[in-house]
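Computed over heavy atoms, backbone and side chain alike; hydrogens, waters and symmetry mates excluded. Remember, it's a predicted structure, so these values are computed and weren't measured experimentally.
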Amino acid sequence: MIRSSACQQQADTHPTLWDEPWSSKLHHVLGHDQVFFTVCTNLQSVSEEAWDFLDASDVFVSTSLDGEFSTHERQRTVNAKDTQQFVSNLSYAIERLGQGKVSALPTLDINQLPSVSEITDTFGRFGFRSIFLRPVNHQGFARKRFQTTGLEDKWNAYHADFIDALIEHNWTARQPVEEFYFTHCLRRVLRGGHNQHVDLRNPNILGRDYIVIDYDGTFYPTDEARMVTRVGQVDLSIGNLCDGIDQSKLDVLNEESSNSFHPDCIHCPYQAACGADVVDDLSRYGRIDLPKADAAFCRRHTAIFDKIFELLYSADEKVQKSLAIWAGIPEFDPSLAPVHT
């Protein structure tokens, strides 16, 4: 349902997102002829009207699957009945909509991290071969229940171990598995213009080709911006369905959307493959001008790129097989890791 004070009168006339008038208005507001929708849902309770909306060719589904089912139940569904309902709805979504229209992401408590096999086995059960590891997000209400700061080194070590475990898995597996974000970073290192993921681009112009629409019709530049606003830290909304985009507010956010001229980033060997995240800095530190090396975003990505170059220069055939798979090439080419003498 779309309900907001700014849109109340129109919401009474066109009360649901899947009504055609709202769809047409979105195309007009966003200024694009072709718009795709990703519906973020816990898939807990889905009406037939909602399933009909999800059937549309330009609509995709994103949900959460927190490793194996006991972890998902502890963090989200609370009881076995609701867990089974979620599992049933996820299976039905894949069957009805198709594997390519449904994605699931784990959100992990860094203090209770599952084993690699627990994650890969659960995701493999649903046919998912790409897994996007994410720690509990600091921006939202979850930081009241979970520790979300001071654990960067622990998370980076877990992520590196996860990549090593996938390399072992892929050496003999019939169906290889990737960690989505590591693959994305690897491809940004190996080829220019790999900008399809909105969390890591440079420049990362907010509100240009991606926007989050909350349940009440409010616009946000990212989902993290929505979370920061909802917890009352700072209002990062950028308009709504009825009034359109607040371009002046968006312009202020976009002043720091590039790392190209940042005094810290210009000295970093990973600058070209990295990016910037204004929202993460605001949520964690309440400012965006602290030294990059002190920011969680920088420490996380430095660890990822360090791991990428460690693997690129490895002579291990197991490593080279997975790198080729993740890079989307037939086999590993030693020229990808030149040695200058």
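Between Val198 and Asn204, the shortest heavy-atom contact is O-ND2, 2.8 Å. Taking all atoms of both residues into account, the shortest heavy-atom contact from Ala276 to Asn259 is CB-N, 4.5 Å. When all heavy atoms of Ala296 and Glu152 are compared, the pair lying nearest together is CB-OE2, 3.6 Å. Among all heavy-atom pairs drawn from Gly67 and Ile119, the shortest one is CA-CG1, 4.2 Å. Scanning all heavy atoms of the two residues, the minimum distance from Ile211 to Tyr220 falls at CG1-O, 3.4 Å. Closest heavy-atom contact between Thr229 and Ser237: OG1-N, 3.9 Å.
The existence of a salt bridge linking Asp109 and Arg74 is excluded, since no basic side-chain nitrogen approaches an acidic carboxylate oxygen closer than 4.0 Å. Salt-bridge formation is not detected for the pair Lys318/Asp316: no Lys NZ or Arg NE/NH1/NH2 atom is positioned less than 4.0 Å from an Asp or Glu carboxylate oxygen. Remark: Asp235 engages Lys249 in a salt bridge, criterion side-chain N to carboxylate O under 4.0 Å. The existence of a salt bridge linking Arg96 and Glu48 is confirmed by a sub-4.0 Å separation between a basic side-chain nitrogen and an acidic carboxylate oxygen.
At distances below 3.5 Å, at least one donor-acceptor pair connects side-chain atoms of Asn170 with backbone N or O atoms of Val177.
Hydrophobic clustering (ILVMFWY, side-chain heavy atoms < 4.5 Å, transitive): Tyr92 and Phe126 are in one cluster. Linking ILVMFWY side-chain heavy atoms closer than 4.5 Å, directly or via other members, places Phe297 and Ile205 in two distinct hydrophobic clusters. Linking ILVMFWY residues whenever their side-chain heavy atoms come closer than 4.5 Å, directly or via other members, places Leu186 and Ile329 in the same cluster.
Tyr210 does not carry Arg201 over the face of its six-membered ring by the limits of under 6.0 Å from the centre and within 45° of the normal.
Residues Leu108 and Pro114 form a side-chain contact, since some pair of their non-hydrogen atoms from C-beta on lies under 4.5 Å apart.
Here the two rings, on His301 and Tyr270, have centers that are 6.0 Å apart or farther.
For CD of Glu256, the number of neighbouring non-hydrogen atoms (other residues, nucleotides, ligands) closer than 6.0 Å is 12 at most.
Remark: Gln175 pairs with no residue by the side-chain hydrogen bond (donor to acceptor under 3.5 Å, both in side chains) rule, at least two apart or across chains. Under the side-chain hydrogen bond (donor to acceptor under 3.5 Å, both in side chains) criterion, Gln99 pairs with no residue, sequence neighbours left out.
Between Trp155 and Tyr158, the two ring planes are tilted [angle within 30° to 60°]. Taking the six-membered ring for Trp and thresholds of 30 and 60 degrees, His184 and His197 have ring planes more than 60 degrees apart, a perpendicular arrangement.
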